[in-house]
Amino acid sequence: MSNPLTDPTSDPTSGSGSGSGSGSGKSSGVRAGSASGSPAGSPRTSPGVSPGGGDHLDISRRRLLGTVGAAGAAGLVIGAAGGAGIAAAVSEDGSAAGAAGPGALTSVGATQVAFHGRHQPGITTPLQSRGHLVAFDLAPGAGRKEAAALLRRWSATARTLMAGKAPAGDTGIALDAGPSSLTVTFGFGRTFFDRTGLASRRPSQLDPLPAFSSDAVDPKRSEGDLWVQIGADDALVAFHALRALQKDAGDAARVRWQMNGFNRSAGATARPTTARNLMGQVDGTNNPKPTDPDFDRRIFVPAGAAGAQEWMAGGSYAVVRRIRMLLDDWDQLSQEGQERVIGRRKADGAPLSGGSETTPLDLNKTGPDGKLLVPDNAHARISAPEQNGGAAMLRRPFSFHDGIGADGTPDAGLLFVCWQADPLRGFVPVQRKLDRGDALSKFVRHESSGLFAVPGGAPEGEYVGQRLLEA
Ligand SMILES: C=CC1=C(C)c2cc3[nH]c(cc4nc(cc5[nH]c(cc1n2)c(C)c5CCC(=O)O)C(CCC(=O)O)=C4C)c(C)c3C=C
Ligand SMILES: [Fe+2]
């Protein structure tokens, strides 16, 4: 079988790259929709479909069609309920499809996400099983020119890698692997604009987040001039991208902090369910869905919005928090106690007011004792949009585990990443409320924080951020 990663490509931002539409037959083609249940906007490609959408079949497609053929009985599902999900192959009776078949593995590797588009990838893309969050600071002396050249290099590399190809001078780390749903997302921190002489174009949405009383934030692991989010369904593919982007930074920028995360692997569960976090809760159920009528307005900056910087059209703001979970304390709670902290059942994520996972919370329902079924300090109650003037965000986290901390407890928790058109109408009001009375607060600690402006996706022939850096 041919190995797409051994085929170097030319500079994608010059418009001559072959990642999406060259008909090379080495990688999956790009299509404009996402599979049922998968968030729209940053489509994963139909694995193995040839770029022209014609009848050219490469070996990986033929292998994949074997899977899809099996999926006629088995059902190939990309994405999961609850907005951000994980690709998985499942059978109609719920058992893992093709669990032993090579096709199932191929489908994970072959899945490709489009680099170009109205929005950057990695926002509405289903959760991937591996993630790296990295902040860079521009090097002393580096300004707008160096930043523009860096974003051009990074975009070229991201586009090449997301197409399952190797950039020039490749390390070989991901040899044999397909793109594995790789996404690379770029953002700008508040300090970027002073360093590049672009302060007049800094959006007010990047004003510092308020300090929250329960914060224990380490400034060295917070903020940064530039932010890169890498996600992939394979650990080597994700590391490969990290390494390539870090090398691209060259003398222009240095890593300020790096965090590594994970989610469940595709195919690990019999049914594609909403993700679980390290506290064991079903987490992500009430995320806004791309099919919601107000989804775009809530998550993405509209073109021509009053007071918005035009270069942010189609972009979004990412709030990033490293939230340590105090797991030893959490484990002391009974299951009932844990469920009352969240307001949902642990097993299936159903509200304590009744129904199944997707039943809306009934915040007024009381039990036979007259007490609220969803307690007044339950996390799901306090964070609900109806309790926060409609404030909503798209949560797209990774779990992390960095060994055992100095206190002898797991240094583990949630790399909380949430997306919104305006943090003052998303994260801030909700976190203010949680800070005051969330039952979960006793069991978590916010240890680092970042706020980044993530511009819209690059059109073909452009690089991410070009409209800011070259206007
Ligand atoms: C400020 C925003 C939020 C932070 C920080 C946060 C941390 C956090 N959350 C969980 C676990 C769950 N959160 C759930 C729901 C939920 N959480 C937020 C916001 C923050 N969470 C929102 C907006 C919502 C949705 C509320 C709604 O619309 O009903 C849930 C319930 C299931 C779900 O809807 O996802 C869980 C579980 C942890 C463990 C955590 C910090 C480590
Ligand atoms: Fe939450």
Side-chain angles (χ1 to χ4, degrees), residues 80-85 127 209-210 212 214-217 261 273-289 292 294 298-299 317-327 329-330 333 338-353 355-363 374 377-401 410 412-420 423-451:
L127 290 182
L209 296 174
F212 301 103
S214 55
D215 278 0
V217 166
T273 55
T274 312
R276 277 187 198 272
N277 61 41
L278 298 187
M279 287 175 151
Q281 304 141 356
V282 176
D283 192 348
T285 302
N286 250 358
N287 251 337
K289 315 280 182 290
D292 294 346
D294 53 359
R298 287 174 143 176
I299 309 305
Y317 291 89
V319 175
V320 181
R321 311 276 283 189
R322 182 186 196 270
I323 308 180
R324 175 123 176 229
M325 293 173 166
L326 309 181
L327 290 175
D329 296 345
W330 177 251
L333 279 183
Q338 293 183 349
E339 291 176 339
R340 289 176 59 76
V341 165
I342 295 295
R344 288 178 173 272
R345 282 208 307 252
K346 202 167 172 187
D348 59 1
L352 293 185
S353 49
S356 64
E357 184 194 343
T358 51
T359 308
L361 288 164
D362 183 343
L363 296 176
V374 178
N377 62 352
H379 180 79
R381 170 189 289 277
I382 294 181
S383 56
E386 52 271 44
Q387 303 286 303
N388 296 288
M393 68 204 84
L394 179 66
R395 293 164 287 134
R396 193 177 181 281
F398 293 93
S399 292
F400 73 87
H401 180 213
L414 202 62
L415 300 178
F416 179 89
V417 182
C418 72
W419 299 91
Q420 54 259 289
L424 284 183
R425 288 188 289 119
F427 177 82
V428 170
V430 177
Q431 181 56 25
R432 267 210 183 103
K433 195 88 168 277
L434 291 173
D435 195 40
R436 286 199 290 264
D438 180 14
L440 188 62
S441 297
K442 262 177 72 180
F443 303 97
V444 298
R445 195 161 59 216
H446 291 231
E447 294 188 336
S448 74
S449 177
L451 170 61

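Read the numbers this way: they start at 1 and go in the same order the structure lists the ligands and their atoms.
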Less than 4.0 angstrom from a charged side-chain N to a carboxylate O is my criterion; do R321 and D215 meet it? yes

List in chain and number order the residues that pass side chain to side chain donor-acceptor pair (under 3.5 Å) with D362, two or more places apart in sequence or in another chain; answer none if no residue qualifies. none

With sequence neighbours left out, the residues meeting side chain to side chain donor-acceptor pair (under 3.5 Å) with R324 are D407, T409

Which is it for M393 and W419 under the side chain to side chain contact (heavy atoms under 4.5 Å, CB included) test, yes or no, and what are the steps along the way? CA-CA 6 Å; M393 68 204 84; W419 299 91; over 6 Å; no

Only protein N/O/S atoms count here: give how many lie under 2.8 Å from the Fe ion (ligand 2). 1

Exercise answer, ligand 1 polar atom pairs (N/O) under 3.5 angstrom:
| from | atom 1 | to | atom 2 | distance (Å) |
| --- | --- | --- | --- | --- |
| ligand 1 | 9 (N) | H379 | NE2 | 3.0 |
| ligand 1 | 13 (N) | H379 | NE2 | 3.0 |
| ligand 1 | 17 (N) | H379 | NE2 | 3.1 |
| ligand 1 | 21 (N) | H379 | NE2 | 3.1 |
| ligand 1 | 28 (O) | N286 | ND2 | 3.4 |
| ligand 1 | 29 (O) | N286 | ND2 | 2.9 |
| ligand 1 | 34 (O) | N286 | N | 2.8 |
| ligand 1 | 34 (O) | R395 | NH2 | 3.3 |
| ligand 1 | 35 (O) | G284 | N | 2.6 |
| ligand 1 | 35 (O) | T285 | N | 3.1 |
| ligand 1 | 35 (O) | R395 | NH1 | 2.8 |
| ligand 1 | 35 (O) | R395 | NH2 | 3.1 |

From N377 atom CG to K442 atom NZ, the distance as rounded to the nearest 0.5 Å: 10.0 Å

Counting distance only, does the side-chain N/O of Q338 pair as donor-acceptor with the main-chain N or O of W330 below 3.5 Å? yes

For residues E357 and R344, report the shortest heavy-atom separation together with the two atoms involved. O-NH1, 3.3 Å

Pair E447, R322 - check salt bridge (Lys or Arg N to Asp or Glu O under 4.0 Å), show working. CA-CA 6 Å; E447 294 188 336; R322 182 186 196 270; 2.6 Å; yes

Quick check: does any side chain N or O of D435 sit under 3.5 Å from a backbone N or O of F212, one acting as donor and the other as acceptor? no

